[in-house]
Structures are given as C-alpha cells and as structure tokens.
2 protein chains.
Amino acid sequence: MIPIVNEDAPRRPLRADAARNRERILVAAEEVFARDGLAVPVDTVAERAGVGVGTMYRHFPTKEALFEAIVVHRLDELLELTRADIEAGARGDGATDRFFAFLDRVGEQVSLKHDLFDALGAAGVDLRSSYGDRVAELKRAVQLLYDRAVAAGGIRSDLNADEVMQLVMGVCHRPDGSPADDGATRRLLRVVCDGLRVRS
Amino acid sequence: MIPIVNEDAPRRPLRADAARNRERILVAAEEVFARDGLAVPVDTVAERAGVGVGTMYRHFPTKEALFEAIVVHRLDELLELTRADIEAGARGDGATDRFFAFLDRVGEQVSLKHDLFDALGAAGVDLRSSYGDRVAELKRAVQLLYDRAVAAGGIRSDLNADEVMQLVMGVCHRPDGSPADDGATRRLLRVVCDGLRVRS
DNA sequence: CACTATACGGAACGATGATTCCGATTGTCA
DNA sequence: TGACAATCGGAATCATCGTTCCGTATAGTG
C-alpha cells in the first residue's frame, strides 16, 4: 500500500548533461516513433538522439517505458482537445458536427502518429499499460460525444465507443511505407461520417 | 530470357511421403497463417504439420514462399467469386447492391484470414511480390464494380479502388488477440457502405 | 584545480526466430 | 530383399533486437 520511496519526487536535480540528453532522447523518440511506430529498433532512437543506448536505458528502464512516455504525452494532448469539445458542450444541433469534428481530429492524429495507432490498437488487447486510464478516459469521451450526437438525432444509435474507435483507427491508419497523404485519409473519414448519419 | 530449366514441370514425381508432408504443411500453414498472420514463427507451422523445420524448408525455400503459396490460393478463391460478380454483370439498378455484396465478401475474408490482410496491406507498399499480379487483378475488379455502381447512380464518385480497399481493410481488420466477432465487423462495414451511398 | 558522484558510450549478452547442415530414415526399384 | 537416392528431423548457425555491464569522461563542488 504505502510506497517505500516516493517515485514522484526526483531524489535530486539531474546533472546538466543528463537533463539535456533526456530531452534529446524524448525529441528523437517522438519523431521516430511517429514515423515507424513501436516496431522501430531502440538503436534508431539512440542514434537519432546522438546518444549511446546505455544512456537511453539510464533514463528509461525499458523500451516500453520510453514509448509510454511518448504516448502519454500524445494522449494528453488529445484529451486536452477532447475536454474542450466536451465543455463547449453543445447538446443541441451542434452536437453532431462537433462529434464529427472530434473524429476528424482523432483521425488526423492517428494517421500522423504511427505510435498512437500502435498504442490504441494494443490498448484494445491489454488495458493494463500505464496509459490505460488515459485510453479509458478517451473512450469515455468518445462515448459521451457519440451519445450526445445520437440524442441530437444526427447519427445512428447502434454503435458503441469501441466500434467508433475501430472505424476511425482502421480508416485512418497508414501502413508503414505508404506515400504521402494528399487528403485521402480525410476523404475516407468523411465517408465514415456520412455512414454514421441517420438516413434522411 | 530463356529459362535454363523449366520450373513448371517437376523433374520427377515426388516420393509418396514427400507429397504427403507437402500437403500437411500447406494445410497447417493455412490454419496458422489465418489465425496469426505472417508474424507467426515457422516452427509453429512445422509443429502443427507434425514435421521438422528442415522438411518445411525443402518444400518451400523460404517462409515468404510458403506464405505466398497460401495467399495466392486465398486470392484465387476471392478472384473466383469476383469474376462471378463481374460476369453476372448487372449494370443497372443491381450494380450498387452487387458492389456492396462484393465488399461484404471481401470484408468477411479479410476479417477471417489474418494472412490476407497482411498480404494486401504489404501489397500496397511493395507490389513486386509473386502475387502482385493477382492483387492488381483484384484491384481492377474493385474498380470495375465500383465504376458500375457509380454509373448506376447509387454511390459517390470521388473515390478510387485503392481507397475503397483501404476502407474495407481498415474496418474489417481484427487485431491479434481480439475477442470473437458477434457481427460487429459486419455492422461497421454497413456503416461504410451507407457512407458510400449518395445522399438521398 | 582536484576529487568524486554521476553520467556516458558502446561492446557484450540473451532471447527469439529464420535458415542451413548433416547423420539417420525410408520409399522405390530391381 | 538389398541398395541407394530422396527425404526427414532437429540441432547448429546466423541475424536481429532488447537489455546489461563496465571502463571512461565530466559536471559539480570545495
């Protein structure tokens, strides 16, 4: 129950070079994971950061840990936007459009950040990751916005948050070496959104 | 230009046990690749076939080669159905429904056979695989059925075969350890099809 | 400036998975 | 049935990748 050590308070400030390297590693990892997802070898990140692997492992005890650091950051950004959407809180006519705009945003992130896709994909399978609660929150947000749009009468009611996520993720995912986007992803997402609308 | 040996004609008939093992390997691979996709270790296939890895490698010089044998078979089945659809050849009212039924079939295969997904996904990236021409044919078929449905006035016209495939594949793909289906996939595909319809 | 705790780099290690090799086995044919 | 080529099985090998270790370098401090 009571943790032996307080993990939140750093024992002491990092040495200057250590702090610098930690930052470099995070920046490099953000780029590399975005491009190639979790599959990329750790050496790639280290090289890109201009740092030895040993250094990486001092800062992040495991590849997973580094990945999680990135993904948690990504999810926090996404949740920030989401909260804005929720609080803007249209329940009337705006609800449907707001929901679609939200899906657009999620879709854009997923198609841009390969790591987000991997994380959310894996999250479906195992929710015990350290960002599991954030994923749960995201899912709750999706469900809430979806329910509001349903209540506003704009979209079909026979889905749930998981299924909506599967639609967006599936459609917006871009396989590894695929060429530039030129708006195809957005167009596809629009097809899905049209499909969600109630038949007029 | 002229091949030194004719690869199509087997030098001599296979020995009885060899033929039996070859068949077992194919059966095992079909099951295992369907369940786990290309990611599964070759030993799993060998074990399932009740055969040593060495035996596998005598029959298929590479993991890729075995995988291709399976996928080519899968694609041929799919193309068979597709040709039936094409020749049934409705150009009028039926074209849209026929197109959707076709997508249903593709979606079902993709969600059932994990290997098909891997193969088609990779095919987008590198078309030089030995089944590349079959994929190309499938794509042509999709385009044809799509064009007919568009001509019949049933669906939107701003997509192409690649994009239609991406929609279906993304939506129907089932991540590795995911639970049983209970019709969710079909429901999602229906959303997509509704999205493809022209607004009434 | 010297001293030491901290941090660094990258070679070495361990696990996993594809592929190769070779002594043992077995089908086929006379 | 005996001989032999085809085939088999699975241990050994090679490559990749995550992780650990340890000798070296350096920021911080007096």
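In what follows, chains carry the letters A, B, and so on, assigned in the order in which the sequence lines appear, proteins first and then strands, with residues in each chain numbered from 1. Only heavy atoms go into these numbers, but all of them, side chains included; no hydrogens, no water, no symmetry mates. In this text, all values refer to a predicted model and were calculated from it rather than measured experimentally.
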query: So, is Thr62(B) close to the dA18(C) phosphate, meaning a side-chain N or O under 4.0 Å from OP1 or OP2?
result: no

To the nearest angstrom, the NZ-P distance between Lys63(A) and dG18(D) comes to 4 Å

From the candidates dA7(C), dA18(C), dT20(D), the one with an atom nearest any side-chain atom of Tyr57(A) is dT20(D)

Residues of residues 32-55 of chain A with a heavy atom under 4.0 Å from any atom of DNA chain C, listed by number, are Gly50(A), Val51(A), Gly52(A), Val53(A), Gly54(A), Thr55(A)

Asp17(A) CG to dA27(D) P, in whole Å, measures 6 Å

| query | Under the side-chain hydrogen bond (donor to acceptor under 3.5 Å, both in side chains) criterion, do Gln143(A) and Asp147(A) qualify, and how do the steps go? | reply | CA-CA 6 Å; Gln143(A) 185 75 56; Asp147(A) 287 343; 3.2 Å; yes

When rounded to whole Å, the CG to P distance for the pair Leu66(B) and dA18(C) reads 11 Å

Using a cut-off of less than 4.0 Å, is there contact between a side-chain N or O of His59(B) and OP1 or OP2 of dT7(D)? no

From CE of Met56(A) across to P of dC17(D) the rounded distance in Å is 14 Å

TODO: Report the relative orientation of the aromatic rings in Phe117(B) and His173(B); use parallel for angles under 30°, tilted for 30 to 60°, perpendicular for over 60°.
DONE: parallel

Return no unless some side-chain N or O of Asn21(A) is found under 4.0 Å from OP1 or OP2 of dA7(C).
-> no

Does Arg58(A) place a side-chain N or O at less than 4.0 Å from the phosphate oxygens OP1/OP2 of dC8(C)? yes

Rounded to whole Å, the CZ-P distance (Arg15(A) to dA27(D)) equals 7 Å

Whole-Å distance, Phe60(B) CZ to dT20(C) P, equals 16 Å

